[in-house]
**Student:** 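Next up is a structure, given as structure tokens.
Whatever order the structure lists ligands and atoms in, that order sets their numbers, starting from 1. If you read the sequence from its start, that first residue is 1, and numbering goes on from there. The figures that follow rest on heavy atoms only: side chains count, while hydrogens, waters and symmetry mates do not. As the structure is a prediction and not an experimental result, all values here were calculated from the model.
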Amino acid sequence: MSGRFITLEGSEGAGKSTNVDTVCETLTEAGIDFVRTREPGGTPMAEALRDAMLHKWDESVDGITELLLVFAARAQHLSHVIRPALAAGRWVVCDRFTDATFAYQGYGRRLDLEKLAALESWIQGELQPDITLYLDVAPDVAEQRIAAREKDRMEVERRDFFVRVRQGYLDRASEHERFEIIDAGNPLQEVQAEVRLKTSEFIRRARRG
Ligand code: T5A
């Protein structure tokens, strides 16, 4: 069986970290060899770019700077981690990928979607995730979940930014069949059960070829 590329997406507070664990447990139980990684990040240099992107600078950060930082990190991540793993037949589980760029920089920052699409095809070529589990949650629910934690530069954005981010994800989901939308407003155990189910179904399909 060749490698497969699984991504998880969602706004802050959707429960991504928690549910990446569930995907990884399901793959382990199925005996699948995988790499767990994240974006922005996944290599030492890409993690440094992530730190630069999320840092609360004393100057404002231009949306284009932000966009190019995530794509710079992605280029490094693709060449050092994602493509080599897939080429070796390993699965890749990635916490966020380019759908996040469309949602946050495209819809959140209102950057030109055609320019994002051009960068996407330049940096990734034909490569797309095989399945994307999108954890959908209303911004007010998400806000309450992360209320107690120290916030990075993105997390301090206003509610209307996250309303646009959510719309960005929903529009991407309607355009790409690889998306599975999961209602992350439900209790955690229910969300995890659905994530487990979707992952198991995907493994079965992959095994059938
Ligand atoms: N970004 C990223 C861009 O702008 N462009 C890009 O191209 C890319 C790739 C990355 C930031 O970078 C931006 C987006 C982000 O702002 P990140 O670490 O991926 O940062 O983002 P976070 O969303 O902050 O990551 P987390 O992993 O912390 O995600 P979550 O979704 O907040 O997850 P989690 O699991 O920590 O859950 C939060 C809390 O909610 C609870 C959990 O127990 C936890 O306390 N919870 C639930 N409670 C009740 N019911 C449920 N169903 C729950 N699910 C979780």
**Student:** Which residue supplies the protein heavy atom nearest to atom 8 (C) of ligand 1, what is that atom called, and how far is it?
**Tutor:**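 That would be A100 CB, 3.6 Å.
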**Student:** Specify side chain, backbone, both or neither for M154, according to which of its non-hydrogen atoms lie closer than 4.0 Å to ligand 1.
**Tutor:**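 Answer for M154: side chain.
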**Student:** Between K16 and ligand 1, is there a nitrogen or oxygen pair with a distance under 3.5 Å?
**Tutor:**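 The answer is yes, given that K16 and ligand 1 share an N or O pair closer than 3.5 Å.
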**Student:** Would you call E39-R96 a salt bridge at under 4.0 Å N-O?
**Tutor:**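 Salt bridge flag = no for R96 with E39.
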**Student:** Answer yes or no for atom 11 (C) of ligand 1: protein heavy atom present at a distance under 4.0 Å?
**Tutor:**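 Yes, at least one protein heavy atom sits under 4.0 Å from atom 11 (C) of ligand 1.
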**Student:** Quick one: does ligand 1 sit under 4.0 Å from the side chain of L54, the backbone, both or neither, non-hydrogen atoms only?
**Tutor:**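 Side chain only.
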**Student:** Is it the case that the side chain of N19 and the backbone of T22 share a donor-acceptor pair, with hydrogens and angles ignored and the cut-off at 3.5 Å?
**Tutor:**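 A pair under 3.5 Å: no.
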**Student:** Kindly assign one of parallel, tilted or perpendicular to the pair H55 and W57, based on the angle between their ring planes and the thresholds 30° and 60°.
**Tutor:**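 Because their plane-to-plane angle is over 60°, the rings of H55 and W57 count as perpendicular.
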**Student:** Which ligand 1 atoms are under 4.0 Å away from a heavy-atom of A14?
**Tutor:** 31 (O)
**Student:** Please state which option from R149, Q189, E155 has its nearest heavy atom closest to atom 28 (O) of ligand 1.
**Tutor:**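 Heavy atom nearest to atom 28 (O) of ligand 1 belongs to R149.
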**Student:** Examine the proximity of ligand 1 to E9 and report which part, side chain or backbone, both or neither, has a heavy atom under 4.0 Å away.
**Tutor:**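 No part of E9 is near ligand 1 at this cut-off.
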**Student:** Kindly check if the number of other-residue, nucleotide or ligand heavy atoms within 6.0 Å of CZ (R149) is above 12?
**Tutor:**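 It does: R149 CZ has more than 12 such atoms within range.
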**Student:** Select the closest option to atom 22 (P) of ligand 1 among H77, R96, M53, R50, judged by heavy-atom distance.
**Tutor:**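 Looking at heavy atoms only, R96 sits closest to atom 22 (P) of ligand 1.
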**Student:** Check whether L116 and L127 end up in the same hydrophobic cluster, where Ile, Leu, Val, Met, Phe, Trp and Tyr are linked by side-chain heavy atoms less than 4.5 Å apart.
**Tutor:**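 Result: yes, single cluster for both.
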**Student:** Between Q105 and ligand 1, which part of the residue brings a heavy atom under 4.0 Å of the ligand: side chain, backbone, both or neither?
**Tutor:** side chain
**Student:** Taking the six-membered ring for Trp and the single ring otherwise, decide whether the centroids of Y169 and Y107 are under 6.0 Å apart.
**Tutor:** no
**Student:** Using a heavy-atom cut-off of under 4.0 Å, does the side chain or the backbone of A142 touch ligand 1, or both, or neither?
**Tutor:** neither
**Student:** In terms of hydrophobic clustering (I, L, V, M, F, W, Y; side-chain heavy atoms under 4.5 Å; direct or indirect links), are L133 and W91 co-clustered?
**Tutor:** yes
**Student:** Between R36 and C94, does a side chain to side chain contact (heavy atoms under 4.5 Å, CB included) hold up when you go through it step by step?
**Tutor:** CA-CA 6 Å; R36 176 181 180 158; C94 192; over 6 Å; no
**Student:** Tell me which part of R38 gets within contact of ligand 1: side chain, backbone, both or neither, using heavy atoms under 4.0 Å.
**Tutor:** neither
**Student:** Just let me know how L188 lines up against ligand 1, side chain, backbone, both or neither, with a heavy-atom cut-off below 4.0 Å.
**Tutor:** both
**Student:** Under 4.0 Å from atom 45 (O) of ligand 1, can you find at least one protein heavy atom?
**Tutor:** no
**Student:** Which of the numbered atoms in ligand 1 are under 4.0 angstrom from any heavy atom belonging to T101?
**Tutor:**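 Taking each heavy atom of T101 in turn, ligand 1 has 6 (C), 7 (O) under 4.0 Å.
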**Student:** With nothing but distance in play, are any N or O atoms of E39 less than 3.5 Å from an N or O of ligand 1?
**Tutor:**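 Between E39 and ligand 1, no N or O pair is found under 3.5 Å apart.
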**Student:** Do the side chains of E120 and Q128 get nearer than 4.5 Å, heavy atoms only?
**Tutor:**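 A side-chain contact under 4.5 Å exists here.
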